[in-house]
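Residue numbers count from 1 along this sequence. Atoms within each ligand, like the ligands themselves, are counted from 1 in listed order.
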Amino acid sequence: MRRGLLAAVVLVAGASVASGAFAQAKPEVLVKQRQAVMTLQGKYFGPLAGMAQGKLPYNAQVVQRNAGFLDNLTRMAWDGFDPRTRNEKSRALPAIYNDSAKFKEAAARLENETAKLYQLGRGGDEAAVKAQIGAVGKACGGCHDNFRQKQ
Ligand code: HEC
């Protein structure tokens, strides 16, 4: 049963490659996708920030779940910042493409801090988790300061 399913998945994936479905996504689609990822990061980070700031009661289960979601989400936005999207309407600043090493560094920083949060979240040291939520928030804000247009 499982094998059959896997074979079907492989077949479908193969067909997509053959028909060019994996060809480059349109720039406006990439923008939508990266903004969607950022929106979800905001959704799952928000409650954690609230807990770290003492505005929400600490909930270890929510921490674990959201940190797991974030650990995956924080890897999904970056390929949406393709130079081909430069002229699309968005809040992404040209510095993303002009200083891409610095942008990649900011992206890696978020991934590292989120991975640490995920690890700590599985522990149970509330103070350490809260401190790490702060570190994640700094990684979000650090990149926004340099690479996102102010509203
Ligand atoms: C390496 C850079 C970088 C990091 C790190 C980063 N962001 Fe962003 N974020 C951006 C940029 C650039 C935009 C603007 C994207 C656009 O307009 O296409 C953005 C946009 C957003 C938006 C608005 C989305 C929309 O619909 O326009 C939200 C919400 C957001 N980020 C949340 C977060 C959160 C929460 C984190 C941390 C968990 C985070 N971001 C980390 C670069 C970053």
Task: Protein contact to atom 11 (C) of ligand 1 [nearest heavy atom, distance to 0.1 Å] - done: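 Atom 11 (C) of ligand 1 sits closest to the protein heavy atom F81 CZ, 3.9 Å.
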Open item on the list: Students should be able to answer this: which protein heavy-atom is nearest to atom 26 (O) of ligand 1, and at what distance?
Closed with: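 Scanning the protein heavy atoms, the shortest distance from atom 26 (O) of ligand 1 goes to T39 OG1, 3.3 Å.
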Within a strict 4.5 Å, meaning less than it, do heavy atoms of the [X] and [Y] side chains meet?
X	Y	answer
F103	Y97	no
F45	L70	yes
K130	E126	yes
V129	Y58	yes
R75	T114	no
N66	P47	yes
R84	Q24	yes

Which ligand 1 atoms does [X] reach within 4.0 Å, using its non-hydrogen atoms?
X	value
W78	1 (C), 2 (C), 3 (C), 4 (C), 5 (C)
I96	12 (C)
S90	16 (C), 17 (O), 18 (O)
F147	12 (C)
A92	16 (C), 17 (O)
A139	5 (C)
A106	1 (C), 5 (C)

Task: Close approach of T114 to ligand 1, heavy atoms, under 4.0 angstrom - done: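 Not so, T114 does not reach ligand 1.
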Open item on the list: Salt bridge check, E113 against K116: does any charged N sit closer than 4.0 Å to a carboxylate O?
Closed with: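 Yes.
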Task: K32 NZ: over 12 foreign heavy atoms closer than 6.0 Å - done: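 No, the 6.0 Å shell around NZ holds no more than 12 heavy atoms from other groups.
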Open item on the list: Tell me if the NZ atom of K55 is crowded by more than 12 foreign heavy atoms within 6.0 Å.
Closed with: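 Open: at most 12 neighbouring heavy atoms sit under 6.0 Å from NZ of K55.
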Open item on the list: My understanding is that we take every heavy atom of each candidate and find the minimum distance to atom 16 (C) of ligand 1. Doing that for R109, Q151, Q35, K104, which one comes out nearest?
Closed with: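 Shortest heavy-atom distance from atom 16 (C) of ligand 1: Q35.
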Open item on the list: Can you check which of K43, E113, R91 brings a heavy atom nearest to atom 17 (O) of ligand 1?
Closed with: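 Closest candidate by heavy-atom distance is R91.
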Task: Residue part near ligand 1, for R34, under 4.0 Å between non-hydrogen atoms - done: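 Side chain only.
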Task: Sub-2.8 Å protein N, O or S atoms surrounding atom 8 (Fe) of ligand 1 - done: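 Protein N/O/S atoms under 2.8 Å of atom 8 (Fe) of ligand 1: M38 SD, H144 NE2.
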- [ ] Could you list the residues that satisfy ring pair (Phe, Tyr, Trp, His ring centres under 6.0 Å) with F69, not counting sequence neighbours?
- [x]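 Applying ring pair (Phe, Tyr, Trp, His ring centres under 6.0 Å) to F69 gives Y44.
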